[in-house]
Amino acid sequence: MNSAVAIAAAVRNGSATAAEIVTTALEEVASSQTELNAFTSVDGTRAIDAANALDAAVARGEDPGPLAGVPVAIKDIIDHAGWTTTCGSSFYKREPTESAPVVARLEAAGAIVVGRTGLHEFAFGYSSENEWWGPVRNPWDVATSPGGSSGGSGAAVGAGLVPIALGTDTGGSVRVPAALCGVLGLKVTHGRVPLHGVFPLAASLDTVGPIARTPSDLGLAFQAIAGHHPVDPWSYPEPVFGQPEPIALDGLRVGIPVQWAHRATTDDVAEGFRRFLDGLSDAGARVEEVHAPSVAPSTASEGASYPEIAAVHRNWFTAHPEAYGGEVRGRLEETMRFDLDDYIAGLRWRAGVRAAAATLFRSYDVLVTPAVGAMKKHIGVDTIEIDGTDLPYRPVLAQFASLVNHIGSPSLVAPVAGPGSPPPAVQVTGPWWSETMLIALAETLDAQNLIAVSEPPRA
């Protein structure tokens with residue numbers, strides 16, 4: 001699969017048709033499904049009809065949009081008119097009559113939706129091992145998880161089935177799959193992309209963001225979906241700027257918050273992180289460790305999020321707990337035990353984290369951590385071994401990502417150039433509303449071979 005930038009250029013100049021590109025994408029999706037299980041539904045007829053309509057518009061001399069003919073996949077928790085939204089559940093079946101703004105914006109930009117991707121049930125988890133739909137599998141190693149909750153979107157992009165997919169991110173659910181599948185993922189500032197038409201996990205933390213194979217593709221997708229929407233109370237009227245000037249690494253101020261960044265990881269993750277930081281320093285960046293005790297993961301985060309999750313599911317869960325898969329059922333039982341005092345304490349902790357992060361961003365352009373604590377989580381195994389100890393997999397995968405959602409600012413993950421299957425990934429977090437800066441920085445990191453997307457062995 002070519003990049004979205006290359007596909008759109010070819011469709012716009014007439015050297016390729018959207019119908020040809022989408023047909024090929026549909027064939028690759030179909031041939032991969034038994035092995036990867038990345039999709040919950042695919043509608044080839046609808047996708048080809050949309051591609052033919054776009055080709056006809058090009059033939060009439062009309063502008064087909066910046067994503068002209070680009071095949072995209074949508075996480076099956078985001079409404080798309082005419083498609084069923086399942087949230088990866090056993091019972092939720094919504095038939096939306098209108099598309100979520102993020103989907104409408106992608107289609108208005110010329111993208112062609114080829115299917116809906118699998119996920120961790122109701123987006124409440126990090127493995128995408130779904131009891132009802134079967135596990136989504138990682139294209140680097142089908143015995144391992146692609147991460148979650150947007151595992152199908154990560155697997156689809158990681159396998160090269162589509163150049164761009166949408167996921168949602170409440171505690172790392174775009175960034176964890178992007179990391180484990182060896183591609184790029186963008187968690188946006190909360191309020192940057194409208195949430196209307198997206199089933200909530202915890203709306204005060206929920207975001208929608210793209211997964212892609214190149215920084216330029218990530219930027220194309222972000223520009224298409226970002227911006228205020230008047231019907232969405234979470235949407236913030238902050239202007240969306242185009243691509244900034246290229247970001248120079250020489251003089252870039254990089255902070256490494258030690259209480260956040262220096263946590264238990266596998267040896268390959270630790271080595272990849274060191275290699276990335278060394279590359280930044282060699283390129284002239286000012287890389288500094290900083291002690292910031294308030295900017296660190298804490299169990300208080302559960303108090304700030306679990307009551308929201310419980311509120312979404314309480315009525316269904318009380319009436320029919322058996323309708324939920326075992327892992328999610330257990331976690332929902334836990335959310336129901338949190339009370340108002342826990343929630344207030346959690347919000348107080350969140351306010352402190354945001355204030356402490358704002359202080360750091362006065363001194364540093366970006367904050368850098370590993371993306372995940374380990375690069376492999378085997379399907380059916382609930383632990384990950386680090387230094388000879390079996391640890392619960394969720395905190396290993398979430399420990400760097402989830403804090404960003406409480407900060408509320410944007411964050412980008414990308415694979416570090418070098419060995420690994422997949423290579424270890426790094427997380428770069430910027431100040432609020434700095435998505436275009438992070439994408440431009442990723443362009444520079446890619447050009448200087450500090451990050452690099454490679455092909456999985458099965459691609």
Inset, instruction - Look at the rings of His80 and Trp83 and say which category their plane angle falls in: under 30° parallel, 30 to 60° tilted, over 60° perpendicular. - result: parallel

Legend entry - Residues which pass side chain to side chain contact (heavy atoms under 4.5 Å, CB included) with Val188, listed by chain and number, not counting sequence neighbours: Leu186, Arg192, Val193, Thr207, Phe222, Glu435

Inset, instruction - Find out whether Asn37 and Arg137 are in side-chain contact, i.e. whether some heavy atom of one side chain is under 4.5 Å from a heavy atom of the other. - result: no

Legend entry - Residue that, paired with Asn405, satisfies side chain to side chain donor-acceptor pair (under 3.5 Å) out of Thr170, Asp206, Asp169: Asp169

Inset, instruction - List for me each residue that meets salt bridge (charged side-chain N to carboxylate O under 4.0 Å, His left out) alongside Arg350, sequence neighbours excluded, and say none if there are none. - result: none

Legend entry - Those residues that, when tested against Arg116, pass salt bridge (charged side-chain N to carboxylate O under 4.0 Å, His left out) (two or more places apart): Asp76

Legend entry - Side chain to side chain, Leu166 and Lys75, heavy atoms closer than 4.5 Å: no

Legend entry - 4.5 Å side-chain heavy-atom contact, Pro96 and Thr85: yes

Inset, instruction - For residues Arg348 and Ile344, determine if any side-chain heavy atom of one lies less than 4.5 Å from a side-chain heavy atom of the other. - result: yes

Inset, instruction - Before giving the answer on salt bridge (charged side-chain N to carboxylate O under 4.0 Å, His left out), spell out for Arg213 and Glu455 the whole-Å C-alpha distance, their side-chain angles and the decisive distance to 0.1 Å. - result: CA-CA 10 Å; Arg213 297 182 63 83; Glu455 294 290 334; 2.8 Å; yes

Inset, instruction - Using the test salt bridge (charged side-chain N to carboxylate O under 4.0 Å, His left out), find all partners of Glu129 that sit at least two apart in sequence or belong to another chain. - result: Lys377

Inset, instruction - Please check if the side chain of Ser235 supplies one atom and the backbone of Pro194 the other of a donor-acceptor pair under 3.5 Å. - result: no

Legend entry - Electrostatic pair Arg331:Glu302 at N-O distance under 4.0 angstrom: no

Inset, instruction - Flag the pair Leu106 / Val113 as yes when at least one side-chain heavy-atom distance between them is below 4.5 Å, and no otherwise. - result: no

Inset, instruction - Quick one: closest heavy-atom pair of Val269 and Pro370, and the distance? - result: CG1-CB, 3.9 Å

Legend entry - Residues in side chain to side chain donor-acceptor pair (under 3.5 Å) contact with Thr335, at least two apart in sequence or another chain: none

Inset, instruction - Kindly check if the number of other-residue, nucleotide or ligand heavy atoms within 6.0 Å of OH (Tyr236) is above 12? - result: no

Legend entry - Whether over 12 other heavy atoms sit under 6.0 Å from Asp339 CG: yes

Inset, instruction - Apply ring pair (Phe, Tyr, Trp, His ring centres under 6.0 Å) to His320 and Phe91, showing your working. - result: CA-CA 10 Å; His320 295 288; Phe91 64 90; 8.4 Å; no

Inset, instruction - Please tell me if the side chains of Asp267 and Ile386 come closer than 4.5 Å, counting only heavy atoms from C-beta onward. - result: no

Legend entry - By salt bridge (charged side-chain N to carboxylate O under 4.0 Å, His left out) - contacts of Arg394 (at least two apart): Glu327

Legend entry - Heavy-atom side-chain proximity of Ser31 to Val29 below 4.5 angstrom: no

Inset, instruction - Determine the interplanar angle of the Phe199 and Phe122 rings, folded into 0 to 90°, and report it as parallel if under 30°, tilted if 30 to 60°, perpendicular if over 60°. - result: tilted

Legend entry - Check: Glu308 and Tyr343 side chains under 4.5 Å, non-hydrogen atoms: yes

